[in-house]
Amino acid sequence: MTESTEPLFDLSLTEEQRITRESMRRFAESEIRPLSRKADEAAAAPAGFYDQVAELGLSLLAIPEALGGAGVGHKPLSNALSAEDLAYGDMSLALGALTPLGFINAVLDFGSEAQQERFLTPLADEKFVAATIALMESRATFEPSELQTTARKDGSRYVLNGEKSMVALADSAQFMLVIAQVEGEAQPGAFVVSAGAEGLSLQSENYMGLRPLSLQRLKLQNVVVAESDRLAGGALPFNLQRLVDLSIIGLCATAVGCSQAVLDYVIPYVNERIAFGEPISNRQSVAFMVANIAIELDAMRLLVYRAASRAEQGLDFHEQAYLCRVLCAERAMEIGTNGVQLLGGHGFTREHPVEMWYRNLRSVGLLMGVAAV
Amino acid sequence: MTESTEPLFDLSLTEEQRITRESMRRFAESEIRPLSRKADEAAAAPAGFYDQVAELGLSLLAIPEALGGAGVGHKPLSNALSAEDLAYGDMSLALGALTPLGFINAVLDFGSEAQQERFLTPLADEKFVAATIALMESRATFEPSELQTTARKDGSRYVLNGEKSMVALADSAQFMLVIAQVEGEAQPGAFVVSAGAEGLSLQSENYMGLRPLSLQRLKLQNVVVAESDRLAGGALPFNLQRLVDLSIIGLCATAVGCSQAVLDYVIPYVNERIAFGEPISNRQSVAFMVANIAIELDAMRLLVYRAASRAEQGLDFHEQAYLCRVLCAERAMEIGTNGVQLLGGHGFTREHPVEMWYRNLRSVGLLMGVAAV
Amino acid sequence: MINLEIPKKLQQAQQMAHQVGSGVFRPIARKYDTIEHCPTPQELVQLGMMMKAMRQQGGGGNSEKGEKAEKKNEGVRNGTNLMGILSTTELAWGCCGLMLSVPGVGLGNAAIDAVGTSEQKVKFGKLYCAMAITEPGCGSDSAAVQTTARLDGDEWVLNGEKIFATAGDRGDAVVVWATLDKSLGKAAIKSFVVEKGTPGMEVVRCEDKMGLRVSDTAAIRFSDCRIPKSNILGSPDIATDAEARKKAFGGVMQTFDNTRPMVAAMALGVARGALEITRELLEKEGVKADYAKSLYNSSALQAEIYRMEANLEGARLLTLKAAWMADNGQPNSKEASMCKAKAGRVGNDITLKCVEICGSLGYSEQYLLEKFARDSKIIDIFEGTQQIQQLIVARHLLGKSSSELK
Amino acid sequence: MINLEIPKKLQQAQQMAHQVGSGVFRPIARKYDTIEHCPTPQELVQLGMMMKAMRQQGGGGNSEKGEKAEKKNEGVRNGTNLMGILSTTELAWGCCGLMLSVPGVGLGNAAIDAVGTSEQKVKFGKLYCAMAITEPGCGSDSAAVQTTARLDGDEWVLNGEKIFATAGDRGDAVVVWATLDKSLGKAAIKSFVVEKGTPGMEVVRCEDKMGLRVSDTAAIRFSDCRIPKSNILGSPDIATDAEARKKAFGGVMQTFDNTRPMVAAMALGVARGALEITRELLEKEGVKADYAKSLYNSSALQAEIYRMEANLEGARLLTLKAAWMADNGQPNSKEASMCKAKAGRVGNDITLKCVEICGSLGYSEQYLLEKFARDSKIIDIFEGTQQIQQLIVARHLLGKSSSELK
């Protein structure tokens, strides 16, 4: 094969990615993991945690230089790698750390220059400023393209009504991108609602896992949004599918990081745990479970990388994101439950993190709209 | 618990069933199993085989005494037990042996006295007289309630058009019960077509498995059936669901027999086969595969028994038959493929029967209308 | 005659248990999941007395009936084992954690029923007995017990540490596995009843757990803990020849033949509970699993439900079979492990799947689905993990010893 | 830069292979499945010559490129390994049995490429070389080889019996594993090239098989079969210390690092073939898998397809990764086994599922679905069973020797 400018099939990191990964991973191991259990028990991120996250510059990087950021732009692949690395420390805290970035990416993709200035400048802060996306609604067959939350046009403004669920960081978000069915239009629209808007109320809810993520219900009763706060198109026309797919990639990337945590935790455990006179890892049923975690985990990872890389290259990535979700939802849960199984009764106690990972990994099959990379 | 006439939860056989099972099982082991491979290679039942089957009296038992039978009537549970036992010898030959019984049961259930006399008397023979049910059609999303084969009423007769597939023993059947959508009616109807009827043509087809069963395509071009040959109701009104469900129970019962054959074959094999200095059954991956075959097999069996027993007791059994199919389709195939896996490369050769069982067991997820018990 | 329907007589008991599950457990299930470590919930105290009374009247599962059932050739019996499965399923349907917290019926009671003398059954039958087998170092390896029992005059002296003793804190007594002589292996393992408050017995901690949070799971330390000589269950003799040794340990292990189907029943109850809620939530959205079309011509959600129902039904019937065999005096070690293996994994699969397909409702504490998905996990672990059950089944099938198939 | 798309340069080769698969193999796939034992199909002879020529021109997978790829630090390479995966997938998509029957490119050639000297690569590179490892008594236990090789003057004398040698009958030569000294274990196992027609080498039989029926699978007996001294691949020395012994056998086993991803690619091709036919048949009935709605809001058939596609994609990417690592000089034993494990089982699952969901069309010989479901099974077995792959992966992960984790 002669040289060509066309990209080769490649699994190597760029130098920049390698350096970023190293620092993300170090942060995950030294700063996040030690907080993980406490955050889960408290169902809240530890005080000051997100400000520490802000120092990593996830939000700043993406925001245009003119608005106070680093102007790297929307980089789904690099973001997915960070999601994976942070989630190695803790999946909930990683998703929380990435939540404003999801909002920022949506504004970068779909917002006008004026909107970018208005909504991104406040986020370009040394401190963590939360912003989020409100997409899901609480019913068993929720489908993002079939929303019950509505936006009715009324002169130069929209009136929003409905109820959103699983809105991450809803209690601290300065902006929320509310996705609603626009009356008289075929496609849903995206509306930036500011914290404290009239008619907006929050209802805290507890979940099986991702407890520190502050997933809340958001009620909208005649919430008024100026027409200028609707993200009606910028670099790209508004595209809910794209937004959902990027959030799926982000979520799946955190599932990869969390699953890797499971693998790295069970290996020494099964090697050290003695039963029937030998390490339990000398038993095929144990060893094969570990092997399968590694196999499925690597498959998950490669699907995430492919979807993210396509997104970053500007190729279609809907199908890839879809398959990513299908594989990760199934396999991440398998890894979660086998992680507990490998520790036996001990795995069921909160002395070990595997039970928390089990609970967190169940979200991969159902969560949408969070942490769009 | 005091005594009561209400039946207890019970897994014991009646004395009669015990005796029948013994002779069926003996026949399966000594007469069927040795023919199994040859029949598969020839894609035909060995000459004289079905006459030997006739001596077991499967058909005769069900036919009323007045018509030359033993008058035991329609006994789904006993029939299912026989299906299981015969299939222990060979699944295809068992299904073939039971095919006329499916027709007989349909006539017993849905035929008038005159029809019973007309269609059952010729089957009450010492020799094997074939009769069959033509239900399936060859398309990927076939659904028994949505038939493309049609019956158009024309005076006192019906004109049938369409194509049926996977009709067992079609080349030797004296009668075929053709299920067709009746024009102007909501439900399909059942029509007895005699061999050699004008407009009827057969097309032989080969399948992955069940090769000796002579599964054929049946073309109907303006085949005329007298109104009196439509099974419009007897002991019960015609009910396609019931017919399909009974055929599912019959098929699943043969899957249980065949899966048991797999289990009984692999146990000595893995105990005797040496690798890495020990019997391979000393390895958990092998041993657990065997354990799981036994576990799933017993679950399959109990679902079959429950559905068949409910049918025999006159209770609703649609849901039970449905679940039976769902479980058996999945687990029987799992057992089939693991049976081959346990023999490794040897399992892939036709020196051992496991590859044939693999092929036969795949039918459980798709075949309908054959061997209604 | 083959009949896999539940006779009306048993249905009555089943319905009673269901009423407890739905009327008593369900309304307080979330509350006690949240509270976690607490004294026995008040709502259960009266229930415990009622159930104990029922037990003694023979309504629920007394040992007398169990003995009768052992006699063969009396015709088919549907006895205490089957009854136990049915009622356990319904109670676990309500809340498995609360079921395990009802004072009066512990796993230790099952052990006493299985191997105790009539005298012991009477004496300890009144107590709420926990079971303490597992030790910090031994997990599923029940034969590796390090806790020792030494006879000193008229008393046994126990030393060692136990973990994962369900109701070990709230119970009146604990059945403890201990070895009379470590060098003699399995045969020297015996079980002893230690009443609460006995000096030298100390509850070290109650575990923080993912699920079954209302149920207490205690770590207990025995330091020169002295109990009466008569508190040993079974014979104090240590079998001398290999065959007898195996049998002796087998006797201890036999308890599992009764308890494993009960634990399988817990999985059945939890899974059915999850599946029912899921079906209700889906029906609200117009998705009805009515068995109208073939599996592959159904919707994805219908297909999932059919698959779950099929596997649940398989697990249920295997469990009923194991219990029926016990009721009819048939050896059922293999079948007890088979049903535990199938129900354990199916219970976990179903509850997890239900959370997934109900989306945010499944994952939220608004419904019990997420709780069931947490609770179900331990059922595939305790009373012998999935892997241990498979080992047992495989050894039976392949005719292997535990040294051949490790 | 992370990019998992196939570059255009490789796509061309891929498309060429696809055309062979679709234009040459597919039309005759059923015919030769039915004929079974036959001489090399005429349709393949010319193809074989063409492919050999391509190999020598460096278009297909020559060893020179392979060597270059071994050198590190030359920037990322997409070389012969990746190319091999892509073309194997397409050819197997056409018909895996025919692919294995194309004269000229045998598994033995891969072994010669991996461990032969440059001289041997030239000399034997022209031959169509089969691989003979397995023996009647040893299955997956490659180290238990009983066939012996004894040096007698300038010749090796081989004795023993081999089974499951793909193309062992039709090939020009066979690469045979034999031991120089049974008492020295793995380290004494060497591979030898035996040309067809060598006296003392006899094809005993060709197996009747469930699938891959056109491909010949030979049992070969060696009775005092004498071959030139130079026909040994690698060094004739037997390593003396434990570490070197391990390495020596590792060298033989290294072949697998190249062949396992190739076999995984076969599974990918067969599975994709089945899935594509299935999608076509379903589209005829109006069922389109267009990724329009979430998994659980789709139909059961759509959901099945999505699941199959997802797992196939996982297997595909794992396989590409293992090949990419080889191309870039990275040790890939673990990854070779990972992709073989995943692709092997996924290939079998998918082809079987496709038969099921297409109903009578899937089961019938009218389409190739049932054939794919037969062919796929051996792919999860040969070149190391699913279980062997898992063992290898587990040993890598857990840092275990083969005596610790058996």
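Letters A, B, ... are given to chains in the order of the sequence lines, protein chains preceding strands, and every chain is numbered from 1.
The part of C:S298 that comes within reach of chain B is its side chain, from C-beta onward, which places non-hydrogen atoms under 4.5 angstrom from that chain. Proximity to chain C is limited to the side chain of B:P279, based on heavy atoms less than 4.5 angstrom apart. For B:M289, no part lies near chain C; criterion is any non-hydrogen pair under 4.5 Å. With a threshold of 4.5 angstrom between heavy atoms, B:Y305 approaches chain C through its backbone and through its side chain. For chain C, the nearby part of B:E330 is the side chain; its heavy atoms alone come within less than 4.5 Å. Heavy-atom distances place no part of C:K334 under 4.5 Å from chain B, backbone and side chain included. When heavy atoms are compared at a cutoff of 4.5 Å, C:A292 approaches chain B solely by way of its backbone atoms N, CA, C and O. At a 4.5 Å heavy-atom cutoff, the contact between B:R283 and chain C is made by backbone atoms alone. If you measure heavy-atom distances from B:V286 to chain C, you find no contacts under 4.5 Å at all.
Distance check, rounded to the nearest 0.5 Å: CZ of C:R395 to OG of B:S281 gives 12.5 Å. Separating the CE atom in C:M308 from the CG atom in B:L323 is a distance of 12.0 Å, to the nearest 0.5 Å. To the nearest 0.5 Å, the span separating CG on B:L366 from OG on C:S294 amounts to 11.0 Å. Here C:D327 contributes atom CG and B:D10 contributes atom CG; the two are 11.5 Å apart, rounded to the nearest 0.5 Å. With rounding to the nearest 0.5 Å, the separation of CD in B:Q284 from CG in C:L405 is 6.5 Å.
Counting all heavy atoms, side chain and backbone alike, C:G314 lies closest to B:A299 at CA-CB, 3.9 Å. What you find for C:K8 and B:E6 is that their closest heavy atoms are N-OE2, 2.5 Å. Among all heavy-atom pairs drawn from C:L398 and B:A287, the shortest one is CD1-CB, 3.8 Å.
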Inset, instruction - Would you please test B:F288 and C:L391 for side chain to side chain contact (heavy atoms under 4.5 Å, CB included) and show each step? - result: CA-CA 7 Å; B:F288 286 18; C:L391 262 181; 3.9 Å; yes

Inset, instruction - Could you walk me through whether C:L10 and B:F9 pass side chain to side chain contact (heavy atoms under 4.5 Å, CB included), step by step? - result: CA-CA 10 Å; C:L10 294 184; B:F9 179 95; 5.6 Å; no

Legend entry - Audit row: C:Y296, B:T141, side chain to side chain contact (heavy atoms under 4.5 Å, CB included) steps and yes/no: CA-CA 8 Å; C:Y296 290 113; B:T141 55; over 6 Å; no

Inset, instruction - Test C:K340 against B:I295 for side chain to side chain contact (heavy atoms under 4.5 Å, CB included), laying out the working first. - result: CA-CA 10 Å; C:K340 170 71 166 71; B:I295 292 168; over 6 Å; no

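Of all the listed residues (B:I293, B:L303, B:V244), the one sharing the greatest number of non-hydrogen pairs under 4.5 Å with chain C is B:L303. When C:M325, C:R307, C:H396, C:Q387 are compared by the number of non-hydrogen pairs under 4.5 Å with chain B, C:Q387 comes out ahead. Heavy-atom pairs under 4.5 Å with chain C peak, among B:L77, B:L13, B:N292, at B:N292. Counting heavy-atom pairs closer than 4.5 Å to chain B, the top residue among C:L295, C:L397, C:V393 is C:L397. In terms of heavy-atom pairs under 4.5 Å with chain B, the best-connected choice from C:L82, C:I6, C:N311, C:D290 is C:N311. Ranked by heavy-atom pairs under 4.5 Å with chain C, the list B:T14, B:L263, B:V290, B:N271 is led by B:N271.
Between B:R325 and C:E313, none of the side-chain N atoms (NZ, or NE/NH1/NH2) sits under 4.0 Å from a carboxylate O, so this pair counts as no salt bridge.
Formation of a donor-acceptor pair under 3.5 Å by the C:Y291 side chain with backbone atoms of B:A321 is not found in this model. A distance-only check finds no donor-acceptor pair linking the side chain of C:N78 to the backbone of B:L8 [under 3.5 Å]. Put simply, the side chain of C:E404 never gets that close to the backbone of B:N282: no donor and acceptor are under 3.5 Å apart.
C:E276 CD: more than 12 foreign heavy atoms inside a 6.0 Å radius.
Under the side-chain hydrogen bond (donor to acceptor under 3.5 Å, both in side chains) criterion, B:D85 pairs with B:R21, not counting sequence neighbours. The salt bridge (charged side-chain N to carboxylate O under 4.0 Å, His left out) search around C:E5 returns B:R306, B:R310, not counting sequence neighbours.
Within the 4.5 Å cutoff, the side chain of B:S12 has no heavy atoms near those of the C:M1 side chain. Proximity of C:M338 to B:E296: side-chain heavy atoms (C-beta onward) are nowhere separated by under 4.5 Å. The shortest side-chain heavy-atom distance between B:E146 and C:K293 falls under the 4.5 Å cut-off. Between C:I2 and B:L81, some side-chain heavy-atom pair lies under the 4.5 Å cut-off.
A side-chain donor from one of C:N297 and B:E143 sits under 3.5 Å from a side-chain acceptor of the other.
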